[in-house]
Asker: 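Sharing a structure, written as structure tokens. Questions coming.
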Amino acid sequence: MAVKPQLGLIGLGTMGAALALNIAEKGFPIAVWNRTASVTRRFHSAAGALAERIVPAETLADLVAAMAAPRAIILMVPAGEAVDAQLSALAPLLGPQDLVIDAGNANFHDTDRRAAAGWPFRFMGIGVSGGEAGARHGPAIMAGGKPEDWARMAPVLRAIAARAEDGTPCADHMGEGGAGHFVKMVHNGIEYADMQMIAEVYGIMRDGLAMAAPEIAPVFARWNEGVLRSYLVEISAAVAAARDPVTGGPMLDMIVDAAGQKGTGRWTAIEAQHLGAPIPVIEAAVMARNVSARRAERAAGEALYGPAPEPAVVPLEDLEQALIAGKILCYAQGFAMMRAAAESFGWALDMPAIARVWRAGCIIRSAMLNDMAEALAEDPGRNLILAPFFANTLRRGLPALRRVVAAGALHGLGLPALSAGLAWFDMMRTARGTADMIQAQRDYFGLHGFQRRDGLDRPHGPWAEG
Ligand code: NDP
């Protein structure tokens, strides 16, 4: 290659290899290096016509030498120690105008720490969503870092990103430091919640309505034609329709009901607690994955208490409406959490821009994000449940959500995410809640004081006098 590339990539695993091919395909020459050199060679020889834009390097020093300054090197290695090790290894090789971009799933606190660490090079942390296919053909990209570094990388990141239906690239600058990884973390939390709510309505169809997986598949497929149009509903239809190549029966029926997790949903729940931001649907989804792992206890529970009471009778139309309502409630919570984070961490998070970035490329991409982007653009500080468009949708969906949650309770079908969304909504629509009792109790045992509704300055109750 005549011209040395200014772009480089470290870590040719699932995501890094796909991203490097995507970058080369969009016309950018790129140098690549992998810890295990045979992987680099294999990658290069399998790159076909794109190989001519890819410079394979045997060592880290070779990678840097193969590039022209100012360099921009993307790290696609496991989050945590591997990132710190690579940054340290690059430190003696790079100059002050070179830029290192951590594109893995870093915890945003680590990204904040690394951004402030005083490396001899520039540093950004970007969140990339969409799995391998996204990385190869167009992910959603949530970038953090200095605006000037975003400006430098934007042409590449926009070129490789997914495009929304209106043609806008799904890559944007979220804010400084860990802002990009924070937004990616909330994305993953919402992903957990979306998946859990879909699993809950699947459970009602399977256990409440005694529908077999091949009967459930067309229901999801039909929903995917309407308000619920989304990647996750689309793949739910596909997995429900799939046949097990071994037994010939439904694939779903052969899969153990214990969900794994890499922890980004848990991080979202933990950060929400730190921020005092209620995200009960996401928290319920994390909890549900943890309960799913306790198979032996669940089996013992069923043996002791018997199977659930008689099957639930819930119209499919109610399930669709409940899922629509639950989804709106979950996203309302997620955006409110990001507003709390923006305030707490001093980030100028642009809510409509976040909704727009999520419209394509990422796992939670859905038609509804168009409407969310519009509602957030009208008033970025307003909770989504107060936006007229979503208030109308919720008024339609809530009666169904109530019937579904009630049916779950009556018939012994656990619906933690849908129930949590409904409970949160009912609190959010109640001007006089029940925390007067909590305040009175706190004052009774701890003299914590309270505010009176009439504004009088009498901050304690008559308990001591009684
Ligand atoms: P893989 O396990 O497929 O690849 C990991 C890569 O990192 C390999 O190239 C490996 O090299 C290299 N590596 C591992 N440890 C070190 C180290 N200590 N020093 C240098 N290189 C190292 O991971 P993925 O591609 O799936 O994930 C990469 C990042 O992207 C992670 O942060 C992940 O969370 C994130 N991510 C993953 C998504 C996915 O769907 N898989 C989606 C979005 C983000 P070697 O060949 O030598 O082992």
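Indexing begins at 1, ligand by ligand and atom by atom, following the structure's order. Remember, predicted model here, so these are calculated numbers, not experimental data. Heads up: numbering here begins at 1 and tracks the sequence.
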Asker: Mind checking the CE-CD spacing from M337 to Q273? Nearest 0.5 Å is all I need.
Answerer: 9.5 Å
Asker: For the residue pair Y202 and F220, is the inter-centroid distance of their aromatic rings smaller than 6.0 Å?
Answerer: no
Asker: Can you list the ligand 1 atoms lying under 4.0 Å from a non-hydrogen atom of G131?
Answerer: 40 (O)
Asker: Would one find more than 12 heavy atoms of other residues, nucleotides or ligands at under 6.0 Å from atom CD of E165?
Answerer: no
Asker: Test of understanding: given a 4.0 Å heavy-atom threshold, classify the contact between Q86 and ligand 1 as side chain, backbone, both, or neither.
Answerer: side chain
Asker: By number and element, which atoms of ligand 1 are closer than 4.0 Å to a non-hydrogen atom of V39?
Answerer: 46 (O)
Asker: Does ligand 1 have an atom under 4.0 Å from some heavy atom of S129?
Answerer: no
Asker: Are side-chain N/O atoms of H137 and E25 paired as donor and acceptor at under 3.5 Å?
Answerer: no
Asker: For a quick check under 3.5 Å, do Q261 and N290 share a side-chain donor-acceptor pair by atom type?
Answerer: yes
Asker: In the protein, what heavy atom is nearest to atom 5 (C) of ligand 1, and what distance, to one decimal place, separates them?
Answerer: P78 CD, 3.9 Å
Asker: Looking only at protein heavy atoms, which one is nearest to atom 32 (O) of ligand 1, and what is the separation?
Answerer: N105 N, 3.0 Å
Asker: To the nearest 0.5 Å, what is the distance between CZ on R365 and NE2 on H187?
Answerer: 9.0 Å
Asker: Of the backbone atoms (N, CA, C, O) and the side-chain heavy atoms from C-beta on, which set of V128 has a member under 4.0 Å from an atom of ligand 1: side chain, backbone, both, or neither?
Answerer: backbone
Asker: Would you name the heavy atoms of M153 and A72 that are closest together and state the gap between them?
Answerer: SD-CB, 3.7 Å
Asker: Say whether A85 and ligand 1 are in contact under the criterion: heavy-atom distance to a ligand atom below 4.0 Å.
Answerer: no
Asker: So for ligand 1, is G104 a polar contact partner (N or O within less than 3.5 Å, distance only)?
Answerer: no
Asker: Can you tell me how far CE of M76 sits from CG of L19, rounded to the nearest 0.5 angstrom?
Answerer: 5.0 Å
Asker: For atom 27 (O) of ligand 1, what is the nearest protein heavy atom, given as residue, atom name and distance?
Answerer: M15 CG, 4.0 Å
Asker: Check ligand 1 against A82 and write out every atom of the ligand that is under 4.0 Å from a heavy-atom position of the residue.
Answerer: 16 (C), 17 (C), 18 (N)
Asker: Heavy-atom count check: over 12 atoms from other residues, nucleotides or ligands less than 6.0 Å from F390 CZ?
Answerer: yes
Asker: So, for F182 and W347, is the gap between ring centers shorter than 6.0 Å?
Answerer: yes
Asker: For atom 6 (C) of ligand 1, which protein heavy atom lies nearest, and how many Å away is it?
Answerer: M76 O, 3.8 Å
Asker: Taking 4.0 angstrom as the limit and counting only heavy atoms of G11, give me the atoms of ligand 1 inside it, by number and element.
Answerer: 9 (O)
Asker: Using distance alone, determine whether A103 and ligand 1 share an N or O pair under 3.5 Å.
Answerer: no
Asker: What's the shortest distance from atom 15 (N) of ligand 1 to any protein heavy atom, and which residue and atom give it?
Answerer: R35 NH1, 3.4 Å
Asker: What is the nearest protein non-hydrogen atom to atom 23 (O) of ligand 1, stated with its residue, atom name and distance?
Answerer: T14 N, 4.6 Å
Asker: Does atom CD of E378 have more than 12 heavy-atom neighbours from other groups under 6.0 Å away?
Answerer: yes
Asker: Mind checking whether N34 has an N or O less than 3.5 Å away from an N or O of ligand 1?
Answerer: yes
Asker: Using 30° and 60° as the class limits, which term best fits the ring planes of Y331 and F335: parallel, tilted or perpendicular?
Answerer: tilted
Asker: Under the 4.0 Å line, does any protein heavy atom show up next to atom 40 (O) of ligand 1?
Answerer: yes
Asker: A79 heavy atoms, cut-off 4.0 Å: which ligand 1 atoms fall inside?
Answerer: 32 (O)
Asker: Can you pull out the closest protein heavy atom to atom 4 (O) of ligand 1? Residue, atom name and distance to 0.1 Å, please.
Answerer: G13 CA, 3.3 Å
Asker: Side chain or backbone of T36 under 4.0 Å from ligand 1, or both, or neither, by non-hydrogen atoms?
Answerer: both
Asker: Walk me through it: do R71 and L94 pass the test side chain to side chain contact (heavy atoms under 4.5 Å, CB included)?
Answerer: CA-CA 8 Å; R71 303 168 183 84; L94 298 180; 3.9 Å; yes
Asker: Heavy-atom distance from atom 11 (O) of ligand 1 to the protein below 4.0 Å?
Answerer: yes
Asker: What residue and atom, counting heavy atoms only, is the protein's closest point to atom 29 (C) of ligand 1, and at what distance?
Answerer: V77 O, 3.6 Å
Asker: Would you say K146 has more than 12 foreign heavy atoms packed within less than 6.0 Å of its NZ?
Answerer: no
